[in-house]
Colleague: 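Below you will find the structure I want to go over with you.
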2 protein chains.
Amino acid sequence: MYGDSKELFDRLGIRSTRQRKRVYALMLEQKEPVTAERIYRLLHGKEGDGTVNLSTVYRVLELFVNKEIVLKSMIAKENKAVYEINDMSHKHHVTCLSCRKVFFVEGCPLRDFEEKLLEQLDFQVAGHQLEVYGYCAECRKSQNGSGQDKNVLS
Amino acid sequence: MYGDSKELFDRLGIRSTRQRKRVYALMLEQKEPVTAERIYRLLHGKEGDGTVNLSTVYRVLELFVNKEIVLKSMIAKENKAVYEINDMSHKHHVTCLSCRKVFFVEGCPLRDFEEKLLEQLDFQVAGHQLEVYGYCAECRKSQNGSGQDKNVLS
DNA sequence: TTGCAGATGCGAATGATTTGCAAATCGGAA
DNA sequence: TTCCGATTTGCAAATCATTCGCATCTGCAA
C-alpha cells in the first residue's frame, strides 16, 4: 500500500511508522517541490489512515533530508522551504516569474566553478543551490509577440 | 558626513531622511553582506545621531532593494536575509557552513547555462541566484567539525 | 506479549519580518 | 523662514514558517 518504503526505512535504520510511510508515499507522487504545509494539507485530503500532525511532517521531512532521500531548498523571494524526493539526478529548477511554473533542467554548470573555488580560494564545496528565474516560452508568447516555440517539460 | 547620499536619493526620487542616510552610509562600509539585525546593532553602536528602529531598518532596506541600490539574498540553511550594496559587479557568494563567513567570487558560471536554457527549453532567463556552501580553508584546517560560530553575519 | 527507546500530537515558543497607527519629519509652497 | 500635507518613523502587536517541551503512544527486538 505504501510501496516498499518499509524496506527502504529498514535499510536506513529508521523505524517504519504510519506517518513516515504516508509522507514518503505522498512525496513520491509529487511532480514538483512542495512545502511542508502542502504535504500536511494533502495528507488531510486523503481519507482513511488518520492524520499526520504538522510538527510531525516537519520532523519526518527533516529526517528524510538527513537520510538524503529528500532534498530541501528555499524558495527564492519567499522565506519558506520546499521539499522533493532525491532521485540523485542533480536537477536544477527554473521558475517562470509570470506563471510560477517550475521547470527542471538536467545538468549543472557548476562543476568547473567548484574546482576553481578549491584552487583559488581553497574553499571545499559541499553543495550548492541554484535558482534561475525568467520567462517561459508560453508566457513570452502570450504577453508580447517575441516568443518562440513552446516547449514545456513540466 | 553621509557621503552624497542626498544626491542619490534625489535622483531616485525618494526623501532624504536621517534614517535612510545612516543606513546607506553603514551599508557602504560593509565588506560583506549583513543582516537587518546587524545593521540595527551597528547603528546603535555608533554614537551621535540618535537611533534607528529595527522596523525602519527593514523598511529602508526594502526600499533600497526596490530601487536596486542594495541586493538582498537568503542565507543558505538559515532563514534570514542578508543585504549588500549593489555595485553592479555580479559577484556570487560562497558560505562556510562552519564559521558562516561569506566569501565573494568574481565571475559567473552561468552564461553558457542560460544560453542552453534558451535553446533547449526556450526559457528566457531574467536572473539567477547561486548559493554555494562548504568549508573554508581555515575551518578545514582547525578540523573543528561543529564550527567556531564566529557569528560573522548576525 | 512485553518493555522501552524512539516517535508523535499538541500547544506554546521562537525568530525573522511585517503591519497598524499615532506622532514626527521632510521639503515644496507661501 | 514658516507652514502644511504627504511620507516616514517608532513602537508594539501581529504574522508566518518552523521548532520545542513534554506527556503519551508505538514499533519492534527479545
Side-chain angles (χ1 to χ4, degrees), chain A residues 1-2 4-24 26 33-44 49-67 70 72-83, chain B residues 2 5-24 26 33-44 49-67 70-83 100 149 151 153-154:
Chain A
M1 148 168 258
Y2 294 120
D4 30 21
S5 53
K6 173 74 169 58
E7 204 172 289
L8 172 63
F9 295 159
D10 278 356
R11 181 151 31 89
L12 296 175
I14 63 179
R15 282 196 189 172
S16 177
T17 69
R18 178 178 61 81
Q19 293 83 342
R20 288 171 184 177
K21 285 184 281 190
R22 296 205 71 197
V23 170
Y24 184 70
L26 210 68
V34 287
T35 62
E37 176 75 30
R38 178 157 171 76
I39 288 285
Y40 173 72
R41 276 193 277 106
L42 285 173
L43 285 174
H44 275 248
D49 312 36
T51 68
V52 179
N53 192 79
L54 181 56
S55 314
T56 302
V57 171
Y58 275 106
R59 282 187 284 226
V60 167
L61 287 172
E62 186 190 17
L63 174 70
F64 287 175
V65 169
N66 286 336
K67 293 300 182 181
V70 158
K72 172 183 182 177
S73 44
M74 296 300 289
I75 287 196
K77 316 284 181 196
E78 309 186 47
N79 72 329
K80 51 182 155 183
V82 286
Y83 303 83
Chain B
Y2 295 123
S5 52
K6 173 77 168 57
E7 204 173 290
L8 172 64
F9 295 160
D10 278 356
R11 181 150 32 87
L12 296 175
I14 63 178
R15 280 199 188 168
S16 178
T17 68
R18 178 178 60 83
Q19 292 83 343
R20 286 171 186 177
K21 285 184 281 191
R22 296 205 70 198
V23 171
Y24 184 70
L26 209 70
V34 288
T35 62
E37 176 76 26
R38 179 157 171 80
I39 288 283
Y40 172 72
R41 277 196 271 109
L42 285 173
L43 284 174
H44 274 249
D49 312 37
T51 67
V52 179
N53 192 81
L54 182 57
S55 313
T56 303
V57 171
Y58 275 108
R59 281 188 283 224
V60 167
L61 287 172
E62 187 191 17
L63 175 69
F64 288 174
V65 168
N66 286 336
K67 293 300 180 181
V70 158
L71 299 174
K72 173 182 182 178
S73 45
M74 296 301 288
I75 288 197
K77 312 291 181 196
E78 306 189 47
N79 69 330
K80 53 181 155 184
V82 286
Y83 302 84
R100 288 283 156 199
D149 196 15
N151 233 353
L153 287 176
S154 50

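In what follows, chains carry the letters A, B, and so on, assigned in the order in which the sequence lines appear, proteins first and then strands, with residues in each chain numbered from 1.
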Colleague: Can you give one letter per nucleotide of nucleotides 18-30 of chain C, 5' to 3': B if a protein heavy atom sits under 4.0 Å from the base, S if only from the sugar-phosphate, - if neither?
Modeller: BBB----BBS---
Colleague: For the backbone of B:V52 and the side chain of B:R22, can you confirm whether one donor and one acceptor N or O come within less than 3.5 Å of each other?
Modeller: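 Pair absent, no side-chain N/O of B:R22 close to backbone of B:V52.
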Colleague: Rounded to whole angstrom units, what separation is found between the CD1 atom of A:I39 and the P atom of D:dT18?
Modeller: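 Distance, rounded to whole Å: 12 Å.
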Colleague: For A:L8, give me all partners under side-chain contact (heavy atoms from CB on, under 4.5 Å), at least two apart in sequence or on another chain.
Modeller: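 Per chain and number, A:L8 pairs via side-chain contact (heavy atoms from CB on, under 4.5 Å) with A:R11, A:L12, A:Y24, A:I69.
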Colleague: Using heavy-atom distances to pick each residue's nearest nucleotide on DNA chain D, tell me which of B:L63 and B:N79 is more 5'.
Modeller: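 By nearest-heavy-atom nucleotide position, the 5'-most residue is B:L63.
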Colleague: Would you kindly give the OH-to-C1' distance between A:Y40 and D:dA17, to the nearest whole Å?
Modeller: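 The distance from OH of A:Y40 to C1' of D:dA17 comes to 14 Å, rounded to the nearest Å.
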Colleague: Rounded off to whole Å, could you give me the CZ-to-C1' distance for the A:R22 and D:dG27 pair?
Modeller: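 After rounding, the gap between these two atoms is 18 Å.
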Colleague: Between D:dC22 atom C1' and A:N53 atom CG, what is the distance in whole Å?
Modeller: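 Nearest whole value for this atom pair: 14 Å.
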Colleague: Would you please test B:Y83 and B:Y58 for ring pair (Phe, Tyr, Trp, His ring centres under 6.0 Å) and show each step?
Modeller: CA-CA 10 Å; B:Y83 302 84; B:Y58 275 108; 7.2 Å; no
Colleague: Write down the distance between CD (A:E37) and C1' (D:dT19), rounded to a whole number of angstrom.
Modeller: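 The answer, rounded to whole Å, is 15 Å.
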Colleague: Which residues satisfy the side-chain contact (heavy atoms from CB on, under 4.5 Å) test with B:N53, sequence neighbours excluded?
Modeller: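 Once residues adjacent in sequence are excluded, the partners of B:N53 under the side-chain contact (heavy atoms from CB on, under 4.5 Å) criterion are B:S55, B:T56.
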Colleague: Please report the distance, rounded to the nearest Å, between NZ in A:K80 and C1' in C:dT17.
Modeller: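 The distance from NZ of A:K80 to C1' of C:dT17 comes to 14 Å, rounded to the nearest Å.
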Colleague: Take atom CD of A:E7 and atom P of D:dC28, then tell me their distance rounded to the nearest Å.
Modeller: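 Interatomic distance, CD of A:E7 to P of D:dC28: 14 Å.
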Colleague: Scan the side chains in residues 34-42 of chain A for donor-acceptor partners under 3.5 Å anywhere in the protein, sequence neighbours excluded, and list what turns up.
Modeller:
{"from": "A:T35", "atom 1": "OG1", "to": "A:R38", "atom 2": "N", "distance (Å)": "3.0"}

Colleague: Residues in side chain to side chain donor-acceptor pair (under 3.5 Å) with B:N66, at least two apart?
Modeller: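 For B:N66, no residue satisfies side chain to side chain donor-acceptor pair (under 3.5 Å) once neighbours in sequence are set aside.
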